[in-house]
Amino acid sequence: MEWREVAIISLWLIACAYSFPSGSDPLENGLETEARVFLEEYDRRSSEKCFKQASANWNYATDIREETEKIKLQESLEYAKFQKEIWNNITTQFKIRDNFKDPALVRTFKKIAIIGTSASALPEERLKEFQQLKSTMAKIYSTTKTCAYEDATKCDLSLDPDLTEIMKVSRDEQQLRHVWKEWHDKVGGPIRQYYKPYVGFSNEIAKSNNFSDAGAFWLREYESETIKEDIEQLWQTLKPFYQQMHAYVRAKLRDTYGGQITEDGLIPAHLLGNMWAQSWENIYSLVVPFPEKASIDVTDQMKQQGYTPLKMFQISDEFFTSLGLIPMPPEFWKESLLEKPKDREVVCHASAWDFCNRKDFRIKQCTVVTTEDLITVHHEMGHVQYYLQYKDQPMIFRRGANPGFHEAVGDTLALSVITPKHLKEIGLLDSSTPIDDYETSINFLLSMALEKIAFLPFGYLIDKYRWDIFDGTVDSVEPSNYNAHWWKLRREYQGLKPPVERSEENFDAGAKYHVPADVEYLRYFVSKVIQFQFHRSLCLEAGQYDPEDPRKPLHNCDIYRSKAAGSKLAAGLAMGSSRPWPEVMKVMTGQDKMDASAIREYFKPLEDWLILQNAKLAQTPGWQKSKNDLESDARSYLEQVDQLSSQKCYELFVAEWAYATDINDENEKTKLSFSLDIAKLSKEIWQNVTTTFPLWREFKDPDLVRKFKTITILGSAALPDDQYKKYAQLETDMTKHYSTTKVCSFKNKKTCNLSLEPDLIKIMRESRDEEELRHVWTEWHDKSGGPIKQTYKQFVEISNQAAKLNNFKDTGALWLDGYESETFKDDVEELWQTLKPLYQQMHAYVRAKLRNVYGDQFSDDGLIPAHLLGICQY
Ligand code: KAW
Ligand code: ZN
């Protein structure tokens, strides 16, 4: 992108008319006056340097050769030297630049300083290495050829136009798969080795500018602290609509590709009419809602009418000027490259150029006569229109209000151009075709959504991916999972899967232009949202849209020939980046925020139709998560559960403690209600787990599986609420009875207030009076055990019922499960058998000794009466 930065930095001077406005404040600090003089000189020099560099870049991009590459690299180093020099001057001469009174001056210096720091971040040798690295990646992308499906020896197919065309028109799954694989293997693969060093260089430069990494450095252009959150929120608002589209398209693709669409709900990435599955308008014919009604694919018409690339640009220019906007200057028509030359290699990916001399603006595009390219032509023309509108700004402000604005200009106009109404007007749609009926509108809106809505997750994930690489998230997980992470995001956001097996030999992100070309991509996501805000505002201005009038819906609006709309647009564009973007947006739309309401409104009839249609076709929007994603979701779910249940557990224990230390009705009630609460919570968790993570047993992380095992064994909480209540009451009744049973004294039969602890225990321990011991033993067993026999029976029944709900045969089996061993019962038996002889020796010895004390109590059977052993319970 260095040439564009050049374009932005230069040209500030040349004529006083557009030089930096001099301060009118007579008290202005002398340094500020000096600063203005400095800036004028800077502007003059930088525009010259920019022109030189842009020319060298152009010569390379329109004729890829070693020689042109060498010159391009030399010029970019020259330019960096100049930036370094400026940086040194600024830091020595204008140390207090942040305290200038004129805020425009402060803004200017801030922007120049960043460019300067970037150039100074690396010593010349390393900068050269970095530039070479980028050039190599971009060259691989632009010059790679692939082999044909029908003929493995024919290996001269380029992306533009060959592969793009096949991806667009072929419905042969094998051929599509072949083309997809060829491109991704042959471009992504070789780029992979350069990408890591590229990331290192990029981060180094970002850090020298006090940004945490290159991702944060890119985001600075949006001048907002909350940009990441704002984007995420926009995506969340639009995601349900995307998922409806995805479900509908998936169902339709099944009709064509049958078995390719599998249970997991993911769409294979080669079936969507585009190499990156980034927009899907090329499969319109496979998914058209009302085939008998009109469609806006006017490619055939264009061909029939003998359209050429030049004609497409003229049509676009005419639309711009119809709004009172600036026509393309003669230099544009003379110097632009609008078709792919046959005699040399060029960078075919479209771009729009500013040569920083206020005269020379060009487009380079390997234009093909299709509807899709007609839109791209408008897109590129939008960039040039922006250049023309802000050409009188100081160089440093000759930039989009933010990168998304630059991408949105041409697209905004194209929203009018592509309406059936406009296509009729320019003779691309037969004037007798009915277009005002519901079915035609749905056809039209679906074709638009295939371009705009399908694009959204792609527009978001490319930079999400690179943010994760720049900030180390990706490398820190595993040494090298660049490609796995790419497919993780492709799956998560777009609901796609690779058509063939991928590995870490591949680098599929590298097969998308902007990755090797080092172009930030969030701009296109932003553009897709804000172009509808611009469209709505311009349509209101043109009187073409009325929210109250159903005959004037937003999607039918065509601003053609509206000077009012044109001047509103121009007012915003002419500001360049001289003010923060919310101010510019305010000028253009009256709003100062990005907002999805316009795009939602535009597509509202289609969204409603899709919801209904999916319901009819029994299509559930969404797709299966990958095991890894499920595992990390599961992990965070468990963390939540842990927090919640430790809180609940604490409350229950407080209540149980209160009850155990003061048995009364009130405390009993509280305790029971807390335990019911916990049982309900456990059940809810169990239900969530079984619906959200039904396959938790297959998780890779054994720790996670263990945790799930624990929380999915509910114990008594598995009982239905009323049964659980009964169970808890029975348990409380029994333990209460045990704890509160009183018995009568042996010595004084009328005293009946002896408790187990300490009274009975003491007697059992200390008394040697056989009759007293027998009395106490009998009293305790009769009074504590006897009355709960019925309760216990019920308790056994209900607790077995709970065990069964947990898939155990009875409560005993559930208890044993806690020992996590299949052989536990046998193991215990074996232990017992080992210890039994010792026990029997003890028994015989104690029996002999006891016989000395209680002689007549012992009979021949060898048994010891249970009340003579000192402890009550035996
Ligand atoms: C798209 C955009 C509009 C309409 C349909 C579309 N389909 C897909 C996209 C997004 C994206 C893509 O192809 O993935 N579109 C482009 O890349 C169009 C090319 C560009 O005009 O955006 C071009 C890209 C570029 C950037 C930097 C160096 C080289 C090429 N951007 C510019 O020319 C440009 C001009 C002025 C300011 C900023 C960028
Ligand atoms: Zn663009």
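Bear in mind that the values here come from a model prediction, so they are computed numbers and not experimental data. Every number for a ligand or one of its atoms is a count from 1 in the order of the listing.
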Going by atom types alone, do [X] and [Y] pair a side-chain donor with an acceptor below 3.5 Å?
X    : Y    : value
Q278 : K512 : yes
T371 : T299 : yes
Y141 : H349 : no
Y460 : E232 : yes

Hey, which atoms in ligand 1 end up nearer than 4.0 Å to a heavy atom of [X]?
X    : value
Y521 : 10 (C), 11 (C), 12 (C), 14 (O)
E407 : 22 (O), 31 (N), 38 (C), 39 (C)
A350 : 19 (C), 20 (C), 23 (C), 24 (C), 30 (C)
K512 : 12 (C), 13 (O), 14 (O)
H349 : 13 (O), 16 (C), 17 (O), 18 (C), 19 (C)

Against the six-membered ring of [Y], is [X] placed for a cation-pi contact (under 6.0 Å from the centre, within 45° of the normal)?
X    : Y    : value
K528 : F455 : yes
R220 : F217 : yes
K49  : Y79  : no
R362 : F355 : yes

Sub-3.5 Å N/O-N/O distance, [X] and ligand 1:
X    : value
Y387 : no
R523 : no
S351 : no
H406 : no
H514 : yes
Y524 : yes
E380 : yes

Practice task
Specify whether Y560 and H422 have parallel, tilted or perpendicular ring planes, treating 30° as the upper limit for parallel and 60° as the lower limit for perpendicular.
Solution key: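 Rings of Y560 and H422: perpendicular, as their planes differ by over 60°.
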Exercise for the section: Closest by any non-hydrogen atom to atom 4 (C) of ligand 1: pick that one out of V409, D411, N57. Expected result: D411
Practice task
Please name the atom of E407, restricted to N, O or S, that is closest to the Zn ion (ligand 2).
Solution key: OE1
Problem - Name of the H379 atom (N/O/S only) found closest to the Zn ion (ligand 2) - result: NE2
Handout entry: Trace of the side chain to side chain contact (heavy atoms under 4.5 Å, CB included) decision for W467 with K228
Key = CA-CA 11 Å; W467 297 337; K228 266 189 170 174; 3.4 Å; yes
Problem - N/O/S atom of H383 inside 2.8 Å of the Zn ion (ligand 2), strictly under - result: yes
Ligand 1-proximal atoms of [X], by part, heavy-atom distance under 4.0 Å:
X    : answer
T376 : neither
W276 : neither
Y513 : side chain

Practice task
Please check if the distance between the ring centroids of F532 and Y602 is under 6.0 Å.
Solution key: yes
Handout entry: Partner of R399 by side-chain hydrogen bond (donor to acceptor under 3.5 Å, both in side chains), out of H406, E221, Q393
Key = E221
